[in-house]
Structures are given as C-alpha cells and as structure tokens.
Amino acid sequence: MPDPLVTAPQSPARLKRHLLGRTIRKLDRRGKYLLFELDSNELLVIHLRMTGRLTRTQLPLTTAEKPHLRLMLRFADNTALVFHDTRRFGKSFILAATGAGAYWKKLGPEPLESSFNRKYLYQALAKRKRPIKSVLLDQAIVAGIGNIYADEALFEARIHPLRPAGDLDAEEIQRLVRSIKATLRRAIRLQGSSIDTYRDARGRKGRFQETFTVHRRQGEACPVCKDIVQKIKVGGRGTYFCPRCQS
DNA sequence: CGTTAGCCCTGCTGGC
DNA sequence: TGCCAGCAGGGCTAAC
C-alpha cells in the first residue's frame, strides 16, 4: 500500500482502487507535475518535490531499493515503477478527466512555449510589488521554475532578485524571458540538478549543478566580475546573487 | 485581490 | 569529537 502521506488528502486505498488493472496510455507533464494518463480516462499525477525519485525496476526489489519507498506500480511484465522519497514531500493523486481542466487552470504558461514571451511577462509583472524572484517561483505566473533556476536566470539577466517585479523595464523583461528559456534548456540538456538525491528515470545524476554560476555559491567569486556572491532570503527561499552584476 | 507567514517532512550541515 | 538546532524547499492554507 502507498505511504498515506504521499497520497494525502486521498487515501492509499483509493489510489490503489483507481490503479488496479489499469493501463498507462500516455505520459505527459504540466509545470512540475508528471501526468500518467490511464485507460480509465483518469490521470495519475505525481509531483516529486525536492527528494522524490521515479525509476523503473525489475521485481523483486533489491535491498537497496527498499528504503524510502513510498509508492510502487507493479506491471504485468514483472517490472515496477517505484517512487522513492526520503523527505516524504512528494505527492501523488488521482484526477478525474472531467476535473483536469479546472485543476491546471491555476498554472501559468509553460516557460519553453511561445506563449511565454516578453509581451506575456510584461503584462503579468505590471503593477506587482513583490520581488521578481518570488514572482518567478509563483506557478500561476509561469509553471515549472524552481529555486535553482530562478537564481540562475536572474543572474544571467543581470537583475537583482529583490527588484519589485512591476519596476522592470521592457528591456529587462526581454532579457529575463531569454535567460529563463536558456537556463531551462541548458539544465534539461545536462539532465537536471543533482544537489541532493535527484536521479533521472534511469537512475543517473544530473550535471547542471556543476555549472551553477551563483546558486549555492555564497562567498565564492562571481564568474563574470569576481565580486563575492551573496546569499539572502527572499520569500523564505535561499537566494544567491552577485551584488555587482545584478543591480 | 495581492501578499506574506507558517506548515509539512527528514537527512544533512554548521556552529559550538 | 560529538551534539543538536536549524536549514533545505514546493505548494497549500490562513491571515491580513
């Protein structure tokens, strides 16, 4: 049975009941949510949060695969999709096809799609007083940017994380759109960031963390101007920036 | 409506 | 060297 915390607020039994005997018809993604489209027209939704890992494995599980196991989907060919999560922050739930549209409505556009452009971001930021860093992490503005990528994109765009979002001018917004897309594309090419436990579906580490410019580099020299990278808190999140490059 | 603070979790880090 | 408070963070809710 799944870990009740992972299925909450739904029960583990409910998740099992909706998955038993089903076929996964299609895989998709929306923001940070992974979508498994079932032949019942329902969606199994999984969010990995910080320490979640989703891997395909042969059964039976080895001893090494048992710790922190939160959810396991066993397939007819004796393989399984296993969800490991040390901090139990990850979530999984069943979404009815009829309710799916309403659920995803609260998410902003995909950052790598053309609908996320300077025109969109300009109107989305207008009159907002929150720090730009907090706005980039707001999934209703743009879906899928996490703490690492916000820091790296703001550095590349040379924008201070505390700048009130509505104060950015058109040129800065254009730089920001470009740096967000470039940062995410680069991170995807390097298969993500493995600071902690992240591994891809084949169990491999990402390499983007090896190329961080400012994130988690407080006290080190900025790769552009050699000034010292600073760490502050913005919206409760650790935030790293170069005080000289990012004004 | 816009915004912020607090909470959930647990393994690791940093400071003493 | 050993201990333990505090950090890490995405998204939700409550409160202002």
Side-chain angles (χ1 to χ4, degrees), chain A residues 2-12 29-35 43 45-54 64 66-71 83-95 99-100 102-111 121-154 161-168 180 183-184 187 192-199 205-206 208-209 212 214-220 229-241:
Chain A
D3 180 343
L5 201 56
V6 169
T7 66
Q10 298 179 355
S11 71
R29 180 193 58 77
R30 183 74 177 91
K32 300 173 188 174
Y33 296 86
L34 304 175
L35 313 179
L43 288 173
V45 184
I46 296 182
H47 194 308
L48 301 175
R49 299 280 183 102
M50 270 82 63
T51 56
R53 295 174 56 180
L54 208 51
K66 288 175 183 172
H68 307 123
L69 178 67
R70 308 301 179 198
L71 171 71
F83 180 39
H84 286 91
D85 188 14
T86 46
R87 277 182 224 168
R88 303 169 83 203
F89 247 38
K91 292 291 166 202
S92 64
F93 54 93
I94 297 289
L95 197 59
Y103 191 87
W104 305 120
K105 239 183 183 172
K106 58 188 175 185
L107 288 182
E110 290 289 326
L121 194 59
Y122 190 89
Q123 63 84 25
L125 300 187
K127 292 175 186 169
R128 287 185 192 272
K129 297 184 167 123
R130 298 160 70 197
I132 183 63
K133 165 81 184 271
S134 298
V135 175
L136 293 185
L137 293 178
D138 184 340
Q139 305 297 297
I141 304 284
V142 51
I145 300 177
N147 200 39
I148 291 168
Y149 306 101
D151 281 356
E152 293 294 302
L154 283 169
L162 285 175
R163 286 277 302 283
D167 286 0
L168 299 190
I180 287 169
T183 298
L184 293 177
S193 310
S194 292
I195 291 176
D196 201 342
T197 58
Y198 174 77
R199 299 292 183 278
K205 278 190 176 191
F208 188 64
Q209 72 281 1
F212 285 173
V214 288
H215 188 76
R216 299 209 181 197
R217 291 197 182 278
Q218 75 270 31
E220 296 182 32
V229 173
Q230 306 288 311
K231 181 188 182 188
I232 56 175
K233 270 213 186 296
V234 181
R237 301 290 171 250
T239 299
Y240 306 79
F241 69 103

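Labels below follow one simple rule: chain letters A, B, ... track the order of the sequence lines, proteins then strands, and each chain is numbered from 1. Because the structure is predicted, anything quoted here is derived from the model rather than measured. Heavy-atom basis, side chains included; hydrogens, waters and symmetry copies ignored.
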- Query: Quick check: does any side chain N or O of A:Asp151 sit under 3.5 Å from a backbone N or O of A:Tyr240, one acting as donor and the other as acceptor?
  - Reply: yes
- Query: Reckon A:Lys91 touches a base, only the sugar-phosphate, or nothing at all at heavy-atom distances under 4.0 Å?
  - Reply: nothing
- Query: More than 12 foreign heavy atoms under 6.0 Å from NZ of A:Lys205: is that the case here?
  - Reply: no
- Message: Quick check for you: to the nearest 0.5 Å, what is the distance between A:Lys91 atom NZ and A:Leu5 atom CG?
- Response: 4.5 Å
- Between which nucleotides of DNA chain C, read 5' to 3', does contact with chain A run, using atoms under 4.0 Å from its heavy atoms? C:dA8 to C:dC12
- Atom pair CG/NE2 of A:Asp85 and A:His47 - distance to nearest 0.5 Å: 11.0 Å
- Note on the structure: The single option from A:Ile132, A:Asn147, A:Val234, A:Thr239 that satisfies side-chain contact (heavy atoms from CB on, under 4.5 Å) with A:Leu137 is A:Asn147
- Has the side chain of A:Thr183 got a donor or acceptor atom that lies under 3.5 Å from a matching backbone atom of A:Tyr149? no
- Query: Quick one: does A:Arg30's side chain get under 4.5 Å of A:Glu110's, heavy atoms only?
  - Reply: yes
- Query: Whole-Å distance between B:dA5 C1' and A:Arg237 CZ?
  - Reply: 11 Å
- Note on the structure: For nucleotides 9-16 of chain B, 5' to 3', base contacts (B), sugar-phosphate-only contacts (S) and non-contacts (-) with protein non-hydrogen atoms under 4.0 Å give BBS-----
- Message: In whole Å, I'd like the distance from the CD1 atom of A:Ile141 to the P atom of B:dC1.
- Response: 14 Å
- Indicate, with yes or no, if the rings of A:Phe93 and A:Tyr103 have centres closer together than 6.0 Å. yes
- Is A:Tyr103 touching bases, backbone alone, or none of the nucleic acid, heavy atoms closer than 4.0 Å? sugar-phosphate
